[in-house]
Colleague: 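My questions all concern the structure below.
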Amino acid sequence: MIQADKLSRLYGEKYAVRDLSFHVRRGEVMGLLGPNGAGKSTTMKMLSCFLPPSSGTASMDGIDIQQDLEVRRRVGYLPEHAPSYSDLNVHGHLSFMGRMYGIPEATLNDKIREMSVACGLEGRLNQRIDELSKGYRQRVGLAASMLHNPDCLILDEPTTGLDPNQMVEIRQLIRHLGEKKTVLLSSHVLSEVDAVCDRMMIIDGGELRALGTRDELIARSSSGLRLDVCMRGDADAVVAAICKQYEGCEVDMHTVEESEVTKLIFRHSDDSIALAESVFSAVVAVGGVLLEMHAQETSLEDVFHRLTGRAL
């Protein structure tokens, strides 16, 4: 549905986006992750024909973005700060937007009713926009972006400024929309992308760092297995048994003498080995007491930090 090939955008002599290549499948929700200034909004503006690329190409449903009118008919775009006419009521604003899209007057009211149901605005159509909460204003922006029944939705930070309950509602709405439409969702909130996206890509400095499903990104970025253990007993014997069983296993050991508790950290490059089971058996074999054991798993935040060199 969306295809980008070496898409670039210069501001003066500085690249905001550089040689960005990716594709989004039809009926897929794709997350676009990156720190502030990574090039997320610039990428979305190019794909929605608000900004021309400096070089490279992109297409929407096989239509080059240079044919901006044809592309705009197929795209619904919600910028980070969705513009709206605050002195209008919701119906008046959607009616105006519908006429701008060229929706015939004979079907416009039906489309407004359809989108108000889809976005949970049925009871708000006669309410002025400046009287709405931020969450409902976002719903109005979503409804406006979908009035012309686009095949693709481009949503830039759709939950910015919302409270936790509103964020959950908008995420559920996006997940529902993704069942029928292609969605490109920009965010710097990992939990948001993890909750609604089929795949995600991480960009930094305008360049693509990684693309794939959550599990694929974690698998590629994993540095191996780490197991944290607290025990009482002969820790030296446990360490010897594990290192004999698993060649290349690294161990950090610290004994708290007052409590006779030993803290062990086992690391191995192969995260598929049954290290936890082996440690448990080794502790039992020496007559020790296992107080605590847990594996440190690679998270999306770990992946993001390793790829961009900074936390979200």
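Bear in mind that the values here come from a model prediction, so they are computed numbers and not experimental data. Heads up: numbering here begins at 1 and tracks the sequence.
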Colleague: Using modelled atom types and a 3.5 Å cut-off, is there a donor and acceptor pairing between side-chain atoms of R232 and backbone atoms of L291?
Modeller: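 Between the backbone of L291 and the side chain of R232 there is no qualifying donor-acceptor contact (under 3.5 Å).
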Colleague: Please name the pair of heavy atoms, one in E192 and one in S186, separated by the smallest distance, quoted to 0.1 Å.
Modeller: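 Result for this residue pair: OE2-O, 4.3 Å.
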Colleague: Can you get from V229 to V284 by hopping between Ile, Leu, Val, Met, Phe, Trp and Tyr side chains that sit under 4.5 Å apart?
Modeller: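 Yes, V229 connects to V284 through the hydrophobic network.
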Colleague: Walk me through it: do V238 and V286 pass the test side chain to side chain contact (heavy atoms under 4.5 Å, CB included)?
Modeller: CA-CA 7 Å; V238 171; V286 299; 3.8 Å; yes
Colleague: Specify the closest pair of heavy atoms between L208 and S21, including all atoms of both residues, with the distance to one decimal.
Modeller: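 Reported closest heavy-atom pair: CD2-O, 3.5 Å.
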Colleague: Under the 3.5 angstrom rule, does the side chain of R226 hit a backbone N or O of A295 as a donor-acceptor pair?
Modeller: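 Checked: no pair found.
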Colleague: Which value, rounded to the nearest 0.5 Å, describes the distance between M60 atom CE and Q3 atom CD?
Modeller: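 Answer rounded to 0.5 Å: 11.0 Å.
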Colleague: About how many Å separate CG of L153 and CG of L184, when rounded to the nearest 0.5 Å?
Modeller: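 Answer for the CG-CG pair, L184 versus L153, is 10.0 Å.
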Colleague: Is a side-chain donor or acceptor of T182 paired with a backbone partner of G27 at a separation under 3.5 angstrom?
Modeller: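 The answer is yes, because a donor-acceptor pair under 3.5 Å joins these two groups.
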Colleague: Count the heavy atoms belonging to other residues, nucleotides or ligands that lie under 6.0 Å from CZ of F280, then report whether that count exceeds 12.
Modeller: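 Counting other residues, nucleotides and ligands, CZ of F280 stays at 12 neighbours or fewer.
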Colleague: Can you pull the salt bridge (Lys or Arg N to Asp or Glu O under 4.0 Å) pairs that have at least one residue in residues 87-107, sequence neighbours excluded?
Modeller: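 Sorted result for residues 87-107: empty, none.
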Colleague: Give, for atom NE2 of H176 and atom SG of C119, the distance between the pair rounded to the nearest 0.5 Å.
Modeller: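 If I round to the nearest 0.5 Å, the distance is 9.5 Å.
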Colleague: Does any part of the side chain of I265, heavy atoms only, come nearer than 4.5 Å to the side chain of L227, both counted from C-beta?
Modeller: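 Of all side-chain heavy-atom pairs linking I265 with L227, none is under 4.5 Å.
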Colleague: Can a donor-acceptor pair be found, under 3.5 Å and without considering hydrogens, that links the side chain of T42 to the backbone of G39?
Modeller: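 No.
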Colleague: Is it true that a side-chain atom of R124 and a backbone atom of H91 form a donor plus acceptor pair closer than 3.5 Å?
Modeller: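 Pair absent, no side-chain N/O of R124 close to backbone of H91.
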Colleague: With clusters defined by side-chain heavy atoms of hydrophobic residues (ILVMFWY) lying less than 4.5 Å apart, directly or transitively, does M100 cluster with L142?
Modeller: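 Yes, same cluster.
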Colleague: For residues T262 and T255, is any side-chain donor paired with an opposing acceptor at under 3.5 Å?
Modeller: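 Yes, T255 and T262 have a side-chain donor paired with an acceptor closer than 3.5 Å.
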Colleague: Would you check if there is a donor-acceptor pair between the side chains of S272 and D270 at a distance under 3.5 Å?
Modeller: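 Yes.
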Colleague: Quick one: do M201 and L33 satisfy side chain to side chain contact (heavy atoms under 4.5 Å, CB included)? Show the steps, please.
Modeller: CA-CA 6 Å; M201 55 181 171; L33 276 168; over 6 Å; no
Colleague: Using a 3.5 Å distance criterion without hydrogens, assess whether the side chain of K134 forms a donor-acceptor pair with backbone atoms of T159.
Modeller: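 Judged by distance alone, no pair lies under 3.5 Å.
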Colleague: Ignoring hydrogens and angles, state whether a donor on the side chain of S278 or Q245 is under 3.5 Å from an acceptor on the partner side chain.
Modeller: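 Q245 and S278 do have a side-chain donor-acceptor pair below 3.5 Å.
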Colleague: For the pair E28 (side chain) and R25 (backbone), establish whether a donor and an acceptor sit closer than 3.5 Å, ignoring hydrogens and angles.
Modeller: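 The answer is yes, because a donor-acceptor pair under 3.5 Å joins these two groups.
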Colleague: Do L32 and L217 share a hydrophobic cluster, counting only Ile, Leu, Val, Met, Phe, Trp and Tyr and linking them when any side-chain heavy atoms are less than 4.5 Å apart?
Modeller: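 L32 does not cluster with L217.
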Colleague: Taking all heavy atoms of L108 and all of G98, pick out the closest pair and write down the distance.
Modeller: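 Scanning both residues completely, I find the closest heavy atoms to be CD1-CA, 3.7 Å.
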Colleague: Out of the candidates L185, L211, L300, only one should pair with M200 under the side-chain contact (heavy atoms from CB on, under 4.5 Å) rule; please name it.
Modeller: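 Among the candidates, only L300 passes.
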Colleague: Could you report the tightest heavy-atom contact between C230 and V261, atom names first, then the distance?
Modeller: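 Taking C230 first and V261 second, the nearest heavy atoms are CB-CG1, 4.4 Å.
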Colleague: Any chance you could measure K6, atom NZ, to R18, atom CZ, to the nearest 0.5 Å?
Modeller: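 Reported to 0.5 Å precision, the distance equals 12.0 Å.
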Colleague: Looking at side-chain heavy atoms only, is the closest gap between N165 and V168 below 4.5 Å?
Modeller: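 The answer is no; the side chains never approach within 4.5 Å.
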Colleague: In terms of the angle between their ring planes, are Y85 and H93 parallel, tilted or perpendicular, with boundaries placed at 30° and 60°?
Modeller: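 The arrangement is tilted - the two ring planes meet at 30° to 60°.
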Colleague: Between R209 and D204 (side chain of the first, backbone of the second, donor and acceptor by atom type, cut-off under 3.5 Å), is there such a pair?
Modeller: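 Yes, the answer is positive, given that a donor and an acceptor are paired below the 3.5 Å cut-off.
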Colleague: So, taking the atom named CD in E157 and the one named CG in L78, what distance separates them when rounded to the nearest 0.5 Å?
Modeller: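 The distance works out to 10.5 Å.
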Colleague: Under 4.5 Å between any side-chain heavy atoms of S86 and R137, yes or no?
Modeller: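 Counting from C-beta outward, S86 and R137 never come under 4.5 Å.
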Colleague: Check this for me: does any side-chain nitrogen of one of E292 and K263 sit under 4.0 Å from a carboxylate oxygen of the other?
Modeller: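 Not counted as a salt bridge, because no side-chain N and carboxylate O are separated by less than 4.0 Å.
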Colleague: Does a donor on one side chain and an acceptor on the other come within less than 3.5 Å for S41 and D156?
Modeller: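 Side chains of S41 and D156: pair found under 3.5 Å.
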Colleague: Can any side-chain N or O of S95 pair as donor or acceptor with the backbone N or O of G92 at less than 3.5 Å?
Modeller: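 Between the backbone of G92 and the side chain of S95 there is no qualifying donor-acceptor contact (under 3.5 Å).
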Colleague: Is there a path of hydrophobic side-chain contacts, each under 4.5 Å between heavy atoms of I, L, V, M, F, W or Y residues, that connects I112 with V117?
Modeller: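 No; V117 is not reachable from I112 via cluster members.
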Colleague: Take a 6.0 Å sphere around CD of E131 and say whether it holds more than 12 heavy atoms from other residues, nucleotides or ligands.
Modeller: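 Yes, CD of E131 has more than 12 neighbouring heavy atoms, counting only those of other groups under 6.0 Å.
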Colleague: Assess whether a salt bridge exists between R175 and D198, defined as any Lys/Arg side-chain N lying under 4.0 Å from an Asp/Glu carboxylate O.
Modeller: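 Salt bridge present between R175 and D198.
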Colleague: Is the number of heavy atoms from other residues, nucleotides or ligands under 6.0 Å of Y11 OH greater than 12?
Modeller: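 Buried by this count: over 12 neighbours within 6.0 Å.
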Colleague: Taking C-beta and beyond as the side chain, do L20 and F22 meet within less than 4.5 Å on heavy atoms?
Modeller: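 Sidechains of F22 and L20: in contact.
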Colleague: Answer with yes or no whether the side chains of E122 and S116 bring together a donor and an acceptor at under 3.5 Å.
Modeller: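 No - no donor-acceptor pair under 3.5 Å links their side chains.
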Colleague: Identify the two heavy atoms, one from M1 and one from C152, that lie closest to each other, and give their separation to 0.1 Å.
Modeller: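 In this case the closest contact between M1 and C152 is CE-CB, 3.8 Å.
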Colleague: Flag the pair S8 / V17 as yes when at least one side-chain heavy-atom distance between them is below 4.5 Å, and no otherwise.
Modeller: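 No, too far: nothing below the 4.5 Å cut-off.
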Colleague: Please examine the side chains of K45 and Y77, heavy atoms only from C-beta on, and report whether any two atoms are closer than 4.5 Å.
Modeller: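 Yes. Closest side-chain heavy atoms under 4.5 Å.
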Colleague: Under a 4.5 Å cut-off applied to non-hydrogen side-chain atoms, are R139 and L132 in contact?
Modeller: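 Not in contact.
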Colleague: Not counting sequence neighbours, which residues clear side chain to side chain contact (heavy atoms under 4.5 Å, CB included) with S191? List them please.
Modeller: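 With sequence neighbours excluded, S191 shows a side chain to side chain contact (heavy atoms under 4.5 Å, CB included) to R171, V189, given in chain and number order.
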Colleague: Charged N to carboxylate O below 4.0 Å: is that the case for D194 and R214?
Modeller: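 Salt bridge present between D194 and R214.
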Colleague: Taking only residues two or more places apart in sequence or in another chain, which ones pass side chain to side chain contact (heavy atoms under 4.5 Å, CB included) with C243?
Modeller: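 In terms of side chain to side chain contact (heavy atoms under 4.5 Å, CB included), with neighbours along the sequence ignored, C243 is linked to V239, V251.
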Colleague: Using the six-membered ring of Y101, assess whether NZ or CZ of R72 lies under 6.0 Å from its centre and within 45 degrees of the ring axis.
Modeller: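 No; the conditions do not both hold, so R72 does not lie above the ring face of Y101.
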Colleague: What is the distance from atom CD1 of I202 to atom CD of E207, rounded to the nearest 0.5 Å?
Modeller: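 Taking CD1 in I202 and CD in E207, the distance rounds to 14.5 Å.
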Colleague: Might you work through the side chain to side chain contact (heavy atoms under 4.5 Å, CB included) test for L264 and M231, ending with a clear yes or no?
Modeller: CA-CA 8 Å; L264 302 168; M231 63 166 290; 3.9 Å; yes
Colleague: Whether the side chain of D234 engages the backbone of A237 through a donor-acceptor N/O pair (distance < 3.5 Å, no angle test) should be reported.
Modeller: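 Indeed, once roles are kept as given, a pair shorter than 3.5 Å links the two residues.
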Colleague: For F266 versus C249, what's the shortest heavy-atom pair and its separation?
Modeller: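 Taking every non-hydrogen atom into account, CD2-SG, 4.0 Å.
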Colleague: Any chance the side chains of K181 and N149 put a donor and an acceptor closer than 3.5 Å?
Modeller: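 Per modelled atom types, K181 and N149 side chains form a pair under 3.5 Å.
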Colleague: With side chain to side chain contact (heavy atoms under 4.5 Å, CB included) as the criterion, how do R267 and L225 come out once you've worked through the C-alpha distance, each side chain's angles and the decisive distance to 0.1 Å?
Modeller: CA-CA 6 Å; R267 293 186 178 89; L225 179 63; over 6 Å; no
Colleague: Are I154 and V193 joined in one hydrophobic group, where the rule is that I, L, V, M, F, W and Y side chains link up if heavy atoms are under 4.5 Å apart?
Modeller: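 Shared cluster, no.
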Colleague: How about L147 and L94: do any of their side-chain heavy atoms sit closer than 4.5 Å?
Modeller: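 Yes, at least one pair of side-chain atoms sits under 4.5 Å.
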